K.L.:
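Here it is, the structure, as structure tokens.
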There are 4 protein chains.
Amino acid sequence: MPQSSDVRTSSREMKREKILRAAIEVFAKRGYFSSRMTDVAHRANVADGTLYLYFDGKEDLLQSIFDHVLTLFIERVQDEVEVVEDPVEKLRLLIRRHLELLGGDPALAQVLQIEIRHSRRFLALATRGKLGEYLNLIRGIIEEGQSLGRFRHDISAGLATQMVFGSVDELVMSWVLQDSAVELESKADPLMALLTDGLVPR
Amino acid sequence: MPQSSDVRTSSREMKREKILRAAIEVFAKRGYFSSRMTDVAHRANVADGTLYLYFDGKEDLLQSIFDHVLTLFIERVQDEVEVVEDPVEKLRLLIRRHLELLGGDPALAQVLQIEIRHSRRFLALATRGKLGEYLNLIRGIIEEGQSLGRFRHDISAGLATQMVFGSVDELVMSWVLQDSAVELESKADPLMALLTDGLVPR
Amino acid sequence: MPQSSDVRTSSREMKREKILRAAIEVFAKRGYFSSRMTDVAHRANVADGTLYLYFDGKEDLLQSIFDHVLTLFIERVQDEVEVVEDPVEKLRLLIRRHLELLGGDPALAQVLQIEIRHSRRFLALATRGKLGEYLNLIRGIIEEGQSLGRFRHDISAGLATQMVFGSVDELVMSWVLQDSAVELESKADPLMALLTDGLVPR
Amino acid sequence: MPQSSDVRTSSREMKREKILRAAIEVFAKRGYFSSRMTDVAHRANVADGTLYLYFDGKEDLLQSIFDHVLTLFIERVQDEVEVVEDPVEKLRLLIRRHLELLGGDPALAQVLQIEIRHSRRFLALATRGKLGEYLNLIRGIIEEGQSLGRFRHDISAGLATQMVFGSVDELVMSWVLQDSAVELESKADPLMALLTDGLVPR
DNA sequence: AATGAATGAGGTTTCATTCAT
DNA sequence: GATGAATGAAACCTCATTCAT
């Protein structure tokens with residue numbers, strides 16, 4: 001007798017996530033190109049062929065890590081910033097959550113910072129997809145801040161978005177590449193201060 | 001009778017650069033992993049085996065693009081900023097040259113932004129190598145600015161360096177991925193303004 | 001439902017032997033170094049990659065021919081000589097079987113005499129492995145014969161072993177190289193006579 | 001002004017031998033197939049291309065080692081056995097010289113026993129060439145011995161030749177593969193005794 | 001749905017040989 | 001005669017994916 005659709009869906013979803021998690025760990029450890037599908041299957045405790053019942057292939061697996069993680073993250077951050085009034089504090093919160101997410105999961109950070117950035121096509125798609133959503137979230141906060149007078153009017157919101165995202169991203173990148181020992185989260189406030197007040201003394 | 005060492009060196013160096021240029025163009029067009037050594041050889045007008053007289057292999061070719069370009073760039077920027085007094089103007093010049101270099105050579109930009117960032121090992125090495133030199137150049141300007149009172153004292157020079165490099169890098173990245181039509185150089189001054197004055201109105 | 005272990009093992013073993021046989025024939029025809037793995041795969045009616053599910057590579061394929069054939073041969077000869085009383089007759093039987101095996105399978109003879117003897121490392125390993133077992137079998141017969149008074153005491157069993165094996169081996173070698181037309185087996189008795197009685201008339 | 005033909009020839013011959021010696025050592029150390037022509041050139045202190053002024057290629061180099069060494073050896077042994085009366089002593093002398101030659105030059109032994117035996121074509125040619133000459137020399141001694149009553153009449157001279165050569169060859173082979181420490185020459189008399197008197201006590 | 005044995009395309013690299021100097 | 005930089009053919013092996021069970 002078939003299980004109820006809900007249970008089946010949930011069971012299917014759980015196996016999907018088990019595979020995704022396995023892929024994150026394998027990709028982080030050996031790198032995307034050096035990882036073999038069979039490694040992912042082994043770590044997920046499923047047969048090689050089973051991967052293809054849940055994903056379209058290796059590339060889709062990488063893409064799905066990105067989408068899955070970013071979807072959850074964006075949803076959560078969106079919920080959290082909604083209840084904050086001050087756009088400056090919204091931005092601070094977003095940056096803090098960004099650094100917490102990756103600072104707390106080095107394997108994920110490795111995959112998102114390094115492994116995923118290997119093909120123009122992939123990155124282009126990402127930018128128009130989930131990453132685009134994230135950039136829009138940042139941009140929305142900045143534009144809201146501009147209309148409320150909390151951020152300067154005389155700047156391009158797009159450029160400011162790039163500066164914010166680029167700074168955070170670079171912070172994570174250098175943490176992944178060198179000093180995973182320090183706490184990434186502790187950089188949130190100093191970076192925020194730099195972003196809001198600039199390099200030049202007032 | 002052998003040619004003079006100078007002539008030989010120069011001839012050898014010219015062929016090396018011919019191959020490097022061919023590699024940049026091939027890698028930019030088809031992506032590093034999809035590019036075949038034979039494509040590079042064809043474009044450089046040499047035999048396949050000749051590549052291996054000048055480089056240790058495909059990976060070394062990629063690495064050498066990075067080193068070669070960055071070496072020339074760092075030398076040039078170092079010379080130019082030396083004759084500028086104001087650290088703020090030094091930073092502006094560096095950012096402008098960075099954006100000019102890549103804005104003027106989309107193939108090179110593609111390779112440096114995307115293709116080269118495919119392996120943890122590679123990036124880690126790069127950071128301690130030529131890229132580290134570049135980051136030190138930026139950091140030097142910022143520290144000089146701090147001691148001259150042109151940049152705030154109450155910030156970490158390292159963090160500021162990451163913000164500066166991250167912002168520029170993100171700018172180039174988004175240009176490579178989306179809107180190669182606009183002039184990258186035109187973003188230098190607005191970005192500089194953001195970096196110096198911050199997001200919040202004074 | 002998986003097949004019983006026996007059936008699977010046997011099916012796997014059969015495919016292994018099919019590949020080994022294909023390798024013997026291909027190696028015999030074109031020589032080990034000129035043979036391509038794809039030739040072996042074609043003759044075995046499997047895909048190229050399948051070879052690597054059963055063997056570690058080309059070298060392992062060659063080694064495995066040696067081990068497989070010698071294992072079967074030694075087992076068989078050991079069983080047969082066991083039921084013979086006279087050590088002289090034991091030796092005669094061993095020599096006859098040796099010549100029959102290779103005389104009846106020119107491709108195998110070609111591989112064992114020629115193709116397999118291409119690397120010091122390989123031969124050294126072989127000597128300590130299966131070939132060593134075979135030499136020990138010969139030596140055992142000679143030592144038994146000495147203790148029974150059927151072979152002279154005043155000779156080194158090791159040297160005698162080398163003389164016996166060397167003579168047979170040379171016989172096969174010259175047959176492989178020149179006159180595959182004659183019946184190799186017919187040389188067993190004359191050689192045996194020479195070995196037992198020596199060159200000098202009594 | 002050109003040198004006299006004799007001097008030139010001799011100079012050319014000396015360089016040829018220098019290359020042959022280099023090849024023997026390189027082939028012995030790394031194996032024929034793993035040796036590169038450039039290694040031989042380096043060891044002989046000549047340019048890569050120069051090898052081809054003296055030899056037709058890699059295979060010819062191997063063949064030439066064989067021919068050169070065997071030519072000298074056969075000449076010498078022929079001269080020496082000529083002045084010996086007793087065919088039994090002639091054979092003993094030949095065996096002793098054979099073992100001395102290789103026992104005194106492990107690199108040469110390695111090449112002649114192992115590296116040279118890699119292709120049917122090569123060995124077939126060898127057998128009809130210089131090796132054939134050597135086998136004929138042995139056969140001549142045996143036939144002479146038969147006609148003088150020193151060797152049994154009721155044996156095939158061909159078969160006896162194979163037994164003699166095979167025994168010696170196997171002796172050298174096992175020395176090359178395992179116990180280069182012992183003195184190969186010391187095996188000459190015991191082997192001779194076995195060959196003449198046989199395995200069975202009189 | 002799950003399995004895992006089989007597939008087979010595809011590319012980097014080596015190295016014997018050549019030939020312009 | 002000697003050089004050695006350049007050539008380019010050739011093949012082992014990997015591994016993402018499929019599909020019969």
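Just so we're on the same page: letters track the sequence lines, and every chain starts at 1. All figures in this text were calculated on a predicted structure; none of them were measured in a lab.
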K.L.:
How long is the line joining CG of A:Leu53 and P of F:dT18, in whole Å?
P.N.:
11 Å
K.L.:
Output the rounded distance in Å from CG (D:Leu51) to C1' (F:dT3).
P.N.:
11 Å
K.L.:
Looking at B:Asp48 and B:Arg36, does any basic side-chain N land under 4.0 Å from a carboxylate oxygen?
P.N.:
no
K.L.:
Could you tell me whether C:Asp56 atom CG has more than 12 heavy atoms of other residues or ligands within 6.0 Å of it?
P.N.:
no
K.L.:
Can you find a side chain N or O atom of D:Lys15 that sits less than 4.0 Å from OP1 or OP2 on F:dA2?
P.N.:
yes
K.L.:
Starting at CD1 of C:Ile19 and ending at C1' of E:dT7, how long is that distance when rounded to a whole Å?
P.N.:
13 Å
K.L.:
Is the phosphate of E:dA2 approached by A:Tyr54 (side-chain N or O, under 4.0 Å from OP1 or OP2)?
P.N.:
yes
K.L.:
Quick one: which of E:dT17, F:dT7, F:dC13 gets closest to the side chain of B:Val46?
P.N.:
F:dT7
K.L.:
In whole Å, what is the span from the CZ atom of A:Arg36 to the C1' atom of F:dA16?
P.N.:
12 Å
K.L.:
C:Asp48 has a side chain; which of E:dT17, E:dT13, F:dC13 sits nearest to it?
P.N.:
F:dC13
K.L.:
Scan D:Ser34 against the nucleic acid and name what it touches under 4.0 Å (heavy atoms): base, sugar-phosphate only, or nothing.
P.N.:
nothing
K.L.:
Provide, to the nearest angstrom, the distance between the OH atom belonging to C:Tyr52 and the P atom belonging to E:dA9.
P.N.:
15 Å
K.L.:
Going by purine N1 to pyrimidine N3 plus the second Watson-Crick contact, or the G-U wobble pair, all under 3.5 Å, which nucleotide sits opposite F:dA11?
P.N.:
E:dT12
K.L.:
Using heavy atoms to find the nearest nucleotide of DNA chain F for B:Asn45 and C:Met37 separately, return the residue whose nucleotide is more 5′.
P.N.:
B:Asn45
K.L.:
Could you give the distance from CG (A:Leu108) to CD1 (A:Ile65), rounded to the nearest 0.5 Å?
P.N.:
8.0 Å
K.L.:
Rounded to the nearest angstrom, tell me the gap between atom CG in C:Leu62 and atom P in F:dC12.
P.N.:
13 Å
K.L.:
If I take atom NZ in residue A:Lys18 and atom C1' in nucleotide E:dA2, what distance separates them, rounded to the nearest angstrom?
P.N.:
12 Å
K.L.:
Can you see if the side chain of D:Thr50 gets near the phosphate of F:dT3 - specifically, an N or O under 4.0 Å from OP1 or OP2?
P.N.:
yes
K.L.:
Whole angstroms only, please: what is the CG-P distance between C:Asp60 and F:dC13?
P.N.:
10 Å
K.L.:
Is A:Glu25 salt-bridged to A:Lys29, cutoff N-O under 4.0 Å?
P.N.:
no
K.L.:
Tell me which nucleotide, if any, is Watson-Crick or G-U wobble paired with F:dA6 when both distances must be under 3.5 Å.
P.N.:
E:dT17
K.L.:
Between the main-chain N or O of D:Val111 and the side-chain N or O of D:Tyr32, is there a donor-acceptor pair closer than 3.5 Å?
P.N.:
no
K.L.:
Taking the nucleotide of DNA chain E with the nearest heavy atom to each, does A:Gly49 or B:Lys58 sit closer to the 5' end?
P.N.:
A:Gly49
